[in-house]
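Heads up, the thing below is written out as structure tokens.
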Amino acid sequence: TLFRSKLCERIAYTKFVVRVDSPEKICVMKDQPGAPPLTVLALSFKMVLHPKTNQHEIAVVAGVLMPEVSSSTPVESGMIMHAASAPNFVAVRPVNHKPVPIGIQEQARTKTGGLELVPNEQALLNFVLAKVMKLDPDVILGHDLTGFGLDVFLNRLASCKTRDWSRIGRLIQRKDLNAMVKSKLGNHVPDALAGRLVLDTLVSAKELCPREKDYSIPALAESLLNRKLHPRTDALATPIAFEYEQTLNALLRECVQDAEISLQLSNTLSVLPLSRQLTSLSGNVWSKTLRGARAERIEFLLCHELALIKPKLLLPDKLSKYDRKALEAASNPGSAIVQTEEKAGRRKPQYAGGLVLEPKKGLYDRYVLQLDFNSLYPSIIQEYNICFTTMDVDAMKNKAEDEIELPEAGLAEGVLPRVLRRLVEQRRAVKAVMKKEQDAAKVKQLDIRQLAIKLTANSLYGCLGFENSRFFARPLAQLITLQGRETLQRTIDLARDSFNAEVIYGDTDSLFVYTGLEDMMKVRALGTELKREVNKRYKTLEIEIDAVYARMLLLKKKKYAAMKVASLNEPQNLVREVKGLDLVRHDWCGLSRMVSSFAVDQLLSKDLSADDAIGNVLTNLDFIANQVMTNQIALQQYIITRSL
DNA sequence: GGCTGGAGCGC
DNA sequence: CGTCGCCGAGGCGCTCCAGCC
């Protein structure tokens, strides 16, 4: 039944409300007309601290609107530039009861740059609510919205007792917002914004670019958008910046730029098309995919898969911590209840993980060959048909690792192997399209998509070992990592025994072989031969030549640096790769990283003997020490970043 | 000197 | 109209550091 919203009881701010008697009456349309375009509103805030309450208050809001965004195809970059050149609005209010500078007042009067001047925070909040109502965006987008911006916004809406606060979403909500934001239970942003998608580019970037280390706007703008930004202030501004036209103008520009950059990041990463595909893949709710809840995606993926198999199976209950404790207590009535301190951080490991070889430390100056298993854990699940449908997980619950046995050969393919096989097939298809694609931008987007499929496949294993997951099955996780360790060990033994190869290091799914060779053709031949010998032992498991290094400095487990041959056809073209060393860690200052980087460059230099390299390093150390003593190093170079 | 816990990496 | 639900979080391995006994 389709109601005009005004005629029925007010449920939503939308034009129409559709009410369905039963979920069974909902079906998927045949001949889908294609998804309607989305309206996207990028928001950005600047906060100040209230001097007495020490609470965040909102002082500036900027919005950039992008209408007619497709959720199926990536956005062309031209459209973003167009949207960015005209911010939809930027609003500012006086801070600490001091009027904003005359120049800013003048800008607001003449509406230059869409600037709006409002008398106080309450008015600012209402201004935003009115804008959101009018523009009615399907997607509200911004950087760190869920962790900061919208969170503070909701808190301010509550504190200022704003009328009809739920206009920020599409559902009319009369709940007491104050009670909502003050209850300790998690994040209320998505609930408050019911009916709109919340796209937090910080959350998305973390999921889609796991190798990135700095997820701040300037860092992401540089690495993903190739844009170097001017040094900027924090989202938390100082009140004094509101007293001068120049500093306030800079603040306003920054706020608009943050919204614009966030919009560009979302487009570059194709967050909307990608999250929509991921959602279709797992059959969960889109807004949850955007929240980055991987465990829930896997849960839905498996629930749908289980609904298809016959005979039908009961799904495992989803147990909360409380449920699990109650069950535990019921099964051991005599035992005392062990109070486990649940800390927010990482717990102690519950089972053994990957095998890490003790490295043969040193500087290697001839070719090193690196071989990697492709998607080791997903492959193992498929190779050995590991699944709760092929094994009696309950019976193994309290067994030691070496008592857990592999499923018998010849059983029908389990649910987990089948899901993974499908994911692998899809990823292969994406990669095939990528190879044919000429457009570099589209290649990048396809690359992100295949990465996302890979991440989904990899997090399946993670969810088996995750206590709060519906499909938590520690014995399976244990068996998978055990097979991983054995697979790597067998490969090392084979390399040593059949090829007389010197394995100098290996971590979980990789091994590094010192070839002692200087002829690339021979290195490739060895690699190919090793690969063939390993792969013929398995159906699904597959090892590949991951890299060849011309020089390698191996220091410790998970700490090494090497010159990687960029392309096997051009062995002269080398790229530095550094893992785990101080110079890749943010908890060391810039100066330290610089010195460390110089040392690594010297040691890995093709044209230098080790002695000469060491000599240069020592000279450089003296030079830098002198600069430090004579105060010639910028203070910036001494800053370390570390969370507490 | 051994132990523990936290941070931040690697996979 | 308010209450109820009380969730919301992928894994382990390793090094380095601080702090404690």
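The sequence lines fix the lettering, A, B, ..., with proteins before strands; numbering per chain opens at 1.
- For dG11(C), the paired nucleotide is dC11(B), the pair qualifying as Watson-Crick or G-U wobble because both relevant distances are below 3.5 Å.
- In this entry the distance linking CD of E296(A) with P of dG8(C) reads 10 Å, nearest Å.
- Distances shown here put a side-chain N or O of R174(A) below 4.0 Å from the OP1 or OP2 atom of dC1(C).
- The aromatic rings of F512(A) and Y549(A) sit parallel, their planes meeting at an angle under 30°, below the 60° perpendicular limit.
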Summarise how protein sits on nucleotides 12-17 of chain C as a single string, 5' to 3': B when a protein heavy atom is under 4.0 Å from the base, S for sugar-phosphate-only contact, - for no contact.
BBBSS-
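- For Q478(A) and dG10(C), the CD to P distance is 21 Å, given to the nearest whole Å.
- Using a distance-only test at 3.5 Å, with no hydrogens or angles considered, no donor-acceptor pair links the side chain of T279(A) to the main chain of N284(A).
- If you check every strand for non-hydrogen atoms under 4.0 Å, F471(A) touches nothing.
- Residue pairs that meet the salt bridge (charged side-chain N to carboxylate O under 4.0 Å, His left out) test with at least one member in residues 368-380 of chain A, sequence neighbours left out, do not exist here.
- Ring geometry, Y351(A) versus Y461(A): the interplanar angle exceeds 60°, so the pair is classed perpendicular (tilted spans 30 to 60°).
- When rounded to the nearest whole Å, the span between CZ of R470(A) and C1' of dA9(C) equals 17 Å.
- Rounded to whole angstrom, the span from the OH atom of Y505(A) across to the P atom of dG10(B) amounts to 10 Å.
- In this structure, the CG atom of D509(A) is 8 Å from the P atom of dC11(B), given to the nearest Å.
- In this entry the distance linking CG of L376(A) with C1' of dG11(C) reads 13 Å, nearest Å.
- No donor-acceptor pair under 3.5 Å is formed between the side chain of S592(A) and the backbone N or O of W588(A).
- The nearest whole Å value for the distance from the CG atom in D191(A) to the P atom in dG5(C) is 16 Å.
- Looking only at atom types and distance, the side chain of E542(A) has no donor-acceptor partner in the side chain of S379(A) under 3.5 Å away.
- Figure legend. dG5(C) is base-paired to no nucleotide; pairs are counted as Watson-Crick or G-U wobble with both atom distances under 3.5 Å.
- Rounded to a whole Å, the CD1 atom of I11(A) is 16 Å from the C1' atom of dG2(C).
- Although no hydrogens or angles enter the test, the distance criterion places no donor-acceptor pair under 3.5 Å between the side chain of D214(A) and the main chain of A219(A).
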